[in-house]
Amino acid sequence: MKHGEHLPATGATPSPNIWHHADTYEVENRAVDRRGLIPAAMPRLVAEHGGTWGHVLDIGCGTGFHLPLWAERARRVTGIEPHPPLVEQARSRLASLDPALAGRIEVRPGTAQDLPVADHSIDVAHARWAYFFGPGCEPGLAELDRVMAPGGVAFVIDNDASSSTFGSWFRRAFPEYDPAAIARFWRRSGWTREPLLVAWETDTREDFEAIVRIEFTPGLADAILAEHPGTTVDYAVDLWWRTF
Ligand SMILES: C[S@@+](CC[C@H](N)C(=O)[O-])C[C@H]1O[C@@H](n2cnc3c(N)ncnc32)[C@H](O)[C@@H]1O
């Protein structure tokens, strides 16, 4: 490996699940929200606030799982990702798409704190389990102020650790995590919460076990899997949003 090759960009938040287990993270992405509550809520909120789907920015797009979904609605889609191997994987995904869809999508290396897009050029921004985790993400919020077009809508998707079975697992993993403090941060920053009870649903128990194991330490994953049978778990998420 050449020096610097495959090293994350400065300012990247380590994301061991997808950085080290991209294939299993793909299984996880396919398991999340199969009933489509998140992709139903976003267009509803955009429409309610008079927004458009001209240029969509996916911040921390990982392997680009959601990029085709945005391209079905938008004129242009830009995925931003700091981890070089994931930039490559997201670009490879484009090669497997219908060329008309892929032609509207671009993947660029970058971080939420230094977005490689022009001022006031973005109509919808989406960051899913990426960088925007509450206090500490102020530089990214300042970048959103710079890049969002007037009337644009930004979305952040993160765990609601205060409820659901998955939330209880998350609190066991991170006992110091304070969901109320995180919610206060977002409200103070001008964001509104849309609580959504989604689920992980996998095709097989093997897949379910694999995704539990990339999210939790081995000991906690063993305990969770011993007490929780089956292929599904209820999972509370917060869809935070604000207009610009
Ligand atoms: C848990 S993954 C989620 C990926 C993708 N949003 C998805 O739902 O499939 C978090 C992603 O955020 C990226 N990331 C880490 N630090 C970041 C930063 N400072 N700005 C933007 N993205 C970042 C990681 O490299 C990783 O791809």
Side-chain angles (χ1 to χ4, degrees), residues 5-34 36-39 41-42 56-71 77-94 105-117 122 124-148 154-159 161 166 169-170 173-174 177 196 198-200 202 210-216 235 237-241:
E5 202 177 35
H6 290 179
L7 290 177
T10 309
T13 309
S15 194
N17 48 14
I18 194 168
W19 285 10
H20 302 147
H21 310 278
D23 290 349
T24 307
Y25 201 80
E26 186 82 3
V27 174
E28 181 173 332
N29 258 329
R30 284 200 296 266
V32 177
D33 189 24
R34 286 195 176 181
L37 300 185
I38 299 169
M42 289 175 56
V56 175
L57 187 68
D58 193 331
I59 305 170
C61 70
T63 61
F65 184 86
H66 302 98
L67 301 178
L69 184 68
W70 314 135
V77 177
T78 303
I80 303 296
E81 171 53 48
H83 194 49
L86 297 182
V87 173
E88 289 314 309
Q89 287 187 48
R91 286 176 173 162
S92 306
R93 185 187 296 274
L94 303 188
I105 307 175
E106 187 185 3
V107 178
R108 308 187 67 176
T111 63
Q113 309 90 301
D114 189 11
L115 292 168
V117 297
I122 302 300
V124 173
H126 162 267
R128 186 178 301 218
W129 288 297
Y131 173 79
F132 292 95
F133 297 120
C137 75
E138 293 84 353
L141 295 181
E143 271 294 79
L144 285 178
D145 284 336
R146 179 182 70 78
V147 306
M148 295 304 295
F155 296 95
V156 163
I157 296 165
D158 197 8
N159 298 341
F166 189 91
W169 297 350
F170 192 82
F174 303 101
Y177 189 85
L196 296 172
V198 304
W200 270 357
T202 57
I211 64 178
V212 166
R213 291 194 185 286
I214 63 165
E215 295 298 345
F216 300 103
Y235 191 147
V237 300
D238 283 332
L239 175 66
W240 291 99
W241 62 272

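Just follow the structure's listing: the first ligand is 1, and inside any ligand the first atom is 1.
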Checking a contact table here: which protein heavy atom is nearest [atom], and how many Å away?
atom: atom 16 (N) of ligand 1; answer: Thr13 N, 2.7 Å
atom: atom 9 (O) of ligand 1; answer: Asn29 ND2, 2.8 Å
atom: atom 8 (O) of ligand 1; answer: His66 CE1, 3.2 Å
atom: atom 17 (C) of ligand 1; answer: Pro82 CG, 3.6 Å
atom: atom 20 (N) of ligand 1; answer: Ala112 N, 2.9 Å

> Among Gly60, Ala130, Ala22, Gly62, whose heavy atom sits nearest atom 6 (N) of ligand 1?
Replying inline: Gly60

> For atom 25 (O) of ligand 1, which candidate among Glu81, Gln89, His83 holds the nearest heavy atom?
Replying inline: Glu81

Distance from [X] atom [atom1] to [Y] atom [atom2], nearest 0.5 Å?
X: Ile157; Y: Leu196; atom1: CD1; atom2: CG; answer: 8.5 Å
X: Asp58; Y: Leu67; atom1: CG; atom2: CG; answer: 5.5 Å
X: Cys61; Y: Arg108; atom1: SG; atom2: CZ; answer: 12.0 Å

Within the distance-only criterion (no hydrogens, no angle test), does the side chain of [X] pair as donor or acceptor with the backbone N or O of [Y] below 3.5 angstrom?
X: Tyr131; Y: Gly140; answer: yes
X: Arg146; Y: Ala142; answer: no
X: Asp33; Y: Ile38; answer: yes
X: Glu26; Y: Thr24; answer: no
X: Glu81; Y: Leu86; answer: no

Is it the side chain (CB and beyond), the backbone, both or neither of [X] that lies under 4.0 Å from ligand 1, heavy atoms counted?
X: Asn17; answer: side chain
X: Ala127; answer: neither
X: Ile18; answer: side chain
X: Ser15; answer: side chain
X: Ile80; answer: neither

> Phe166 vs Trp200 aromatic rings, parallel, tilted or perpendicular, using cut-offs 30° and 60°?
Replying inline: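 The arrangement is perpendicular - the two ring planes meet at more than 60°.
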
> Do Asn17 and Trp129 have side chains that get closer than 4.5 Å, going by heavy atoms?
Replying inline: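 Asn17 vs Trp129: side chains apart.
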
Looking at [X], which atoms of ligand 1 are within less than 4.0 Å of one of its heavy atoms?
X: Thr111; value: 19 (N), 20 (N)
X: Leu86; value: 27 (O)
X: Ala12; value: 16 (N), 19 (N)
X: Cys61; value: 5 (C)
X: Trp19; value: 24 (C), 25 (O)
X: Trp129; value: 1 (C), 2 (S), 3 (C), 10 (C)
X: Gly11; value: 19 (N)
X: Gln113; value: 18 (C), 19 (N), 20 (N)

> Are the ring centres of Trp70 and Phe155 closer than 6.0 Å?
Replying inline: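 Not under 6.0 Å, so no.
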
>> Looking at every heavy atom in both Gly11 and Gln113, which two are closest together, and how far apart are they?
In response: O-NE2, 2.8 Å

